[in-house]
Number of protein chains: 2
Amino acid sequence: MSENVGRWLRDEIENSILSNEFSPGERLDETVLATRFGVSRTPVREALMQLDAIGLIEIRPRRGAIVIDPGPHRVYEMFEVMAELEGLAGSLAARRLDKASREAITATHSRCEQSAAAGDSDAYYYDNEEFHKAIYAAGRSDFLEEQCLQLHRRLRPYRRLQLRVRNRLSTSFSEHCAIVDAIFAGDGDAARRLLRGHVGIQGERFSDLVASMAAR
Amino acid sequence: MSENVGRWLRDEIENSILSNEFSPGERLDETVLATRFGVSRTPVREALMQLDAIGLIEIRPRRGAIVIDPGPHRVYEMFEVMAELEGLAGSLAARRLDKASREAITATHSRCEQSAAAGDSDAYYYDNEEFHKAIYAAGRSDFLEEQCLQLHRRLRPYRRLQLRVRNRLSTSFSEHCAIVDAIFAGDGDAARRLLRGHVGIQGERFSDLVASMAAR
DNA sequence: GTCAACAATCGTGTATACAAGAATAGCATT
DNA sequence: AATGCTATTCTTGTATACACGATTGTTGAC
């Protein structure tokens with residue numbers, strides 16, 4: 001547990017939302033949460049205020065908190081921004097790559113290769129995250145890295161859905177290969193372009209997303 | 001005043017930080033703030049939790065809240081991300097421009113022209129904001145617009161410093177002209193590139209920023 | 001004279017109490 | 001039977017009280 005109850009609750013409720021334990025639109029009753037976690041309402045409220053500030057829930061004055069439902073269109077917009085930020089991270093990584101980052105990217109990349117070869121989508125889901133995080137870090141921009149990590153977290157559930165789509169695993173991995181080549185070659189523009197294409201959800205991939213969101 | 005004291009306090013403290021009334025590194029004492037605003041500590045704490053979540057302050061457990069000091073390097077990173085997001089907004093605006101957005105951009109653009117011609121840097125500061133906001137809105141991506149507005153707010157004080165630099169006013173306005181042309185011509189790539197250049201602080205503009213930050 | 005240990009004080013973290021607004025159910029009226 | 005008004009209940013918003021950890025100042029020993 002974190003150092004104070006408020007933060008712990010924030011993480012706990014955030015995870016519950018992101019793992020769809022609290023569904024979008026659901027009302028979060030302060031008293032219920034307080035008794036459920038065995039604390040008073042005070043730290044619960046503090047956690048909710050923070051989640052409101054992050055944008056995960058909405059607190060309507062005097063009418064309680066509800067989990068925000070992004071809806072397919074907004075999720076698309078979030079992926080669009082994510083693509084842009086990752087593109088920037090990639091182009092910076094290509095320019096600033098050092099030995100440690102290079103090794104981190106290589107390591108996570110080969111782990112992706114193994115999971116993809118094994119067809120293990122759960123393992124790939126995890127390794128893929130680490131691969132992208134290695135690129136954020138390689139960009140050597142703390143602020144950009146934070147922004148990327150935050151958006152990444154929020155988009156987590158939807159990423160997972162996407163990997164379920166047929167052939168997405170091998171397609172994703174071959175895109176990774178091209179991205180790694182561009183970064184290692186120091187070609188920032190190519191890295192940017194490839195990452196934008198890899199992360200964004202154009203055309204049919206958007207329909208896939210809508211379909212899998214509707215399926216829940 | 002907002003509907004509840006917590007939100008009102010959040011805005012109030014946020015403005016105080018952004019207008020440098022609370023300087024970076026300064027400690028924010030809950031009791032002091034509470035008496036100053038004539039409320040109890042509870043809403044003050046809620047406001048602080050939110051500001052912590054946004055990233056404006058840092059709450060160290062049991063040791064109080066301090067205003068975050070970004071430092072020149074981090075401010076540079078923030079402008080880098082801002083440039084990327086504005087670039088995306090511009091490219092979307094070029095593609096999706098409709099009549100209302102076109103008129104909004106034209107209106108704010110010509111207001112910038114007047115302030116620039118008058119050499120009124122305070123007026124230009126305000127009109128410039130509206131111009132950029134018009135572009136965010138023209139992109140027709142709610143999420144992107146929100147992100148842009150949020151970052152824009154945080155960078156506000158530094159933007160203001162930049163305008164003080166000699167000749168920056170007329171340079172800025174001529175860059176605006178090129179941006180408007182690109183958007184109106186439907187040239188997304190050009191709009192993206194021009195906005196990235198306009199917003200980012202490369203080369204000597206970074207030294208200007210450092211100098212003006214040190215001057216305070 | 002310096003450093004360490006202990007005590008006192010100050011400020012944060014959590015719980016609880018109370019007030020006020022919103023939701024709801026019941027009653028009356030058409 | 002349906003709709004509108006009222007009263008009750010339930011939940012949120014704010015204040016206050018209390019406990020615990022951190023900071024600081026003082027005293028004593030080396």
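Numbers restart at 1 for each chain; the letters A, B, ... are given by sequence-line order, proteins then strands. On a predicted model such as this, the values are computed, not experimentally measured, just so you know.
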Whole angstrom value for the distance that separates [atom2] of [N] from [atom1] of [X]:
| X | N | atom1 | atom2 | answer |
| --- | --- | --- | --- | --- |
| B/Arg7 | D/dT14 | CZ | P | 10 Å |
| A/Phe37 | C/dT14 | CZ | P | 14 Å |
| A/Arg10 | C/dT14 | CZ | P | 13 Å |
| A/Ile66 | D/dT11 | CD1 | C1' | 16 Å |

If the threshold is 4.0 Å, N to carboxylate O, is there a salt bridge linking [X] and [Y]?
| X | Y | result |
| --- | --- | --- |
| B/Glu58 | B/Arg27 | no |
| A/Asp122 | A/Arg164 | yes |
| B/Glu84 | B/Arg196 | yes |

Does the side chain of [X] reach to within under 4.5 Å of the side chain of [Y], using non-hydrogen atoms?
| X | Y | answer |
| --- | --- | --- |
| B/Val199 | B/His132 | yes |
| B/Gln147 | A/Gln147 | yes |
| B/Gln162 | B/Asp208 | no |

Original post:
Per the salt bridge (Lys or Arg N to Asp or Glu O under 4.0 Å) rule, which among B/Arg156, B/Arg153, B/Arg154 passes with B/Glu14?
Top reply: B/Arg153
**OP:** Please determine if a side-chain N or O atom of B/Arg27 lies less than 4.0 Å away from the OP1 or OP2 oxygen of C/dT12.
**Re:** yes
Original post:
Nearest 0.5 Å, what's the CD-CZ distance between B/Glu80 and B/Phe206?
Top reply: 10.5 Å
**OP:** Scan residues 39-64 of chain A against DNA chain D and write down, sorted by residue number, each residue with any heavy atom closer than 4.0 Å; if none is found, say none.
**Re:** A/Arg41, A/Arg45, A/Pro61, A/Arg62, A/Gly64
Restricting to nitrogen or oxygen on both sides, can you table the protein-nucleotides 5-8 of chain D pairs closer than 3.5 Å?
none

Original post:
When the nearest nucleotide of DNA chain C is assigned to B/Asp29 and to A/Gly38 on a heavy-atom basis, which residue is associated with the more 5' position?
Top reply: B/Asp29
